[in-house]
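Notes for the one structure printed next.
Counting starts at 1 for both ligands and their atoms, following the listed order. Here, residue 1 is the first one in the sequence, and each next residue gets the next number.
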Amino acid sequence: MSPASTILDLIGNTPMVELTKFDTGPCRLFMKLEGWNPSGSIKDRTAKSMIDAAERDGRLKPGGTIIEATAGNTGLGLSLIAAIKGYKVILVVPDKFSEMKITHCEGLGAHVIRTRADVSAGHPEYYVDMAKRIAAETGAFHTNQFDNPANVHVHETTTGPEIWEQMDKKIDAVVCGVGSGGTLSGLGKFFAKVSPETELILSDPKGALLAAKVNGEKATPHAFRVEGIGQECAPGNLDLDIVDKGYVIDDEESFSTVRELLKREGILAGTPTGTVLAGALRYCREQTKPKRVVTFMSDRGDKYLPKIYGDQK
Ligand SMILES: Cc1ncc(COP(=O)(O)O)c(C=O)c1O
């Protein structure tokens with residue numbers, strides 16, 4: 001392998017591994033290791049795609065300022081790219097998120113504004129509304145991953161095709177979480193073209209509402225400890241009609257599943273991977289025919305160690 005010209009050229013092309021130590025019923029379950037991206041998560045793809053698009057159409061000028069509302073991983077991706085390309089970054093982060101992610105962003109040079117995690121859309125301290133307001137006041141470029149088509153496009157044109165090749169073009173289902181909706185929507189567009197019978201399965205933290213909506217069930221929103229996924233309303237990027245089935249996973253099951261992933265398979269992942277893996281395992285065990293199923297390690301677990309293993313609430 002020849003040397004990359006910068007670390008940004010190492011975004012994407014992540015490995016895939018079969019999980020062989022869990023009970024997967026009649027199915028084979030594979031995990032795409034997005035934690036292998038340079039800043040540690042699938043969001044490096046999103047960050048790079050949104051910045052590339054904004055540079056191309058002039059929304060982002062040399063030396064400009066980027067602002068984003070983020071659970072941390074998009075912020076890390078943006079901070080990484082900004083550090084290398086000379087942009088300034090402001091991140092608005094809800095206060096339930098892992099301090100280590102924030103330290104990592106600050107280490108890359110980002111200015112982090114902490115806001116409340118316990119308020120919803122419409123409240124002035126809701127992280128997305130706050131980022132919008134600061135962008136309007138300062139003229140900073142708001143990447144807005146929730147509504148930015150470049151976020152969907154990168155998964156349609158990179159994540160989807162990579163999975164397709166790695167799985168020898170045989171995939172019965174993909175199990176995924178929804179943060180901004182970019183991954184699920186982009187994969188939906190890709191699989192609609194190459195393999196429309198591939199099912200799209202959503203795994204949601206209990207307390208979020210999207211999986212319940214997909215299944216036509218009633219649910220009450222409440223706070224949860226899993227980071228990065230779980231919304232009350234579908235983001236602008238996502239049409240929920242593309243989703244075939246939803247699973248609702250409580251914090252306890254998400255955390256115990258991510259601990260089992262490390263213990264059984266040696267994969268140190270973050271809390272949202274526990275949620276999607278738990279949903280993927282339920283899907284696999286419910287099947288009556290053998291299926292090939294793909295799920296995601298969406299980020300590395302290093303920054304969550306105190307949260308996953310310690311007393312940190
Ligand atoms: C497990 C998992 N799947 C998928 C995603 C995709 O997020 P998005 O909807 O923002 O593309 C995430 C984000 O953290 C995740 O943790």
Side-chain angles (χ1 to χ4, degrees), residues 12 14 29 31-35 37 39-50 68-78 93-94 96-98 101 127-128 143-156 158-160 163 173-190 200-205 208 210-211 224-240 242-243 246-247 249 253-255 257-258 261 267 269-281 283 293-301 303-304 308:
T14 51
L29 178 59
M31 179 169 268
K32 188 150 172 72
L33 302 177
E34 288 297 307
N37 280 301
S39 87
S41 89
I42 193 165
K43 296 303 188 107
D44 283 359
R45 296 179 191 262
T46 306
K48 182 165 184 302
S49 176
M50 295 192 300
E68 183 59 306
T70 165
N73 284 333
T74 306
L76 272 171
L78 291 170
V93 179
K96 78 173 185 180
F97 293 102
S98 142
K101 280 196 216 163
Y127 72 133
V128 181
T143 39
N144 195 5
Q145 58 178 328
F146 301 93
D147 287 299
N148 190 326
N151 177 12
V152 177
H153 184 71
V154 74
H155 295 293
E156 181 183 356
T158 71
T159 320
I163 294 174
V174 178
V175 187
C176 187
V178 168
S180 65
T183 308
L184 196 47
S185 202
L187 293 179
K189 284 182 196 285
F190 175 74
L200 296 176
I201 311 297
L202 163 60
S203 196
D204 232 3
L210 299 187
F224 47 87
R225 294 176 64 214
V226 163
E227 301 181 22
I229 55 171
Q231 302 293 353
E232 289 182 21
C233 302
N237 274 336
L238 179 66
D239 175 2
L240 266 191
I242 67 168
V243 184
Y247 290 92
I249 309 291
E253 188 175 352
S254 294
F255 279 66
T257 306
V258 82
L261 180 64
I267 299 170
T271 52
T273 300
T275 312
V276 285
L277 174 57
L281 290 168
Y283 174 87
V293 180
V294 172
T295 192
F296 290 88
M297 171 219 200
S298 52
D299 70 356
R300 284 202 295 263
K303 298 186 191 74
Y304 301 86
I308 295 174

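- Between Asn151 and Ser180, the side chains place a donor N or O and an acceptor N or O closer than 3.5 Å (distance only, hydrogens not considered).
- Between Asn73 and Glu34, the closest side-chain pair of non-hydrogen atoms is not below 4.5 Å.
- Under a 4.0 Å criterion applied to the non-hydrogen atoms of Gly181, ligand 1 contributes the atoms 8 (P), 9 (O), 10 (O).
- Note on ligand 1: Asn73 sits outside its first shell, no heavy atom being nearer than 4.0 Å.
- Note: an N/O pair closer than 3.5 Å links Gly179 and ligand 1 by distance alone.
- Scanning the protein heavy atoms around atom 14 (O) of ligand 1, the nearest turns out to be Gly228 O, 3.6 Å.
- At a 4.0 Å heavy-atom cut-off, ligand 1 does not touch Glu227 at all.
- Atoms OG1 and CG, on Thr143 and Asn148 in that order, are 7.0 Å from each other to the nearest 0.5 Å.
- When the heavy atoms of Ser180, Ser185, Gly177, Ser41 are ranked by distance to atom 3 (N) of ligand 1, first place goes to Gly177.
- Using a distance-only test at 3.5 Å, with no hydrogens or angles considered, a donor-acceptor pair links the side chain of Thr273 to the main chain of Ser298.
- When side chains are defined from C-beta on, Leu261 does not count as touching Met297, because their heavy atoms never get closer than 4.5 Å.
- Using a 4.0 Å cut-off to heavy atoms of Val178, the atoms of ligand 1 that qualify are 9 (O).
- Distance from atom 6 (C) of ligand 1 to its nearest protein heavy atom, with residue and atom name: Thr183 OG1, 3.2 Å.
- For the pair Gln145 (side chain) and Ala69 (backbone), a donor-acceptor distance under 3.5 Å is present.
- Looking at Asp44 and Ser39, their side chains do bring a donor and an acceptor atom within 3.5 Å of each other.
- The shortest N or O to N or O distance between Thr273 and ligand 1 is not under 3.5 Å.
- Of all protein heavy atoms, the one lying nearest to atom 16 (O) of ligand 1 is Ser298 OG, 2.6 Å.
- The ligand atoms of ligand 1 that sit less than 4.0 angstrom from a heavy atom of Val276 are 1 (C).
- Checking only distances, Ile229 never comes within under 3.5 Å of ligand 1, N or O to N or O.
- Contact annotation: the side chain of Leu238 never approaches that of Phe146 to less than 4.5 Å [non-hydrogen atoms, C-beta and beyond].
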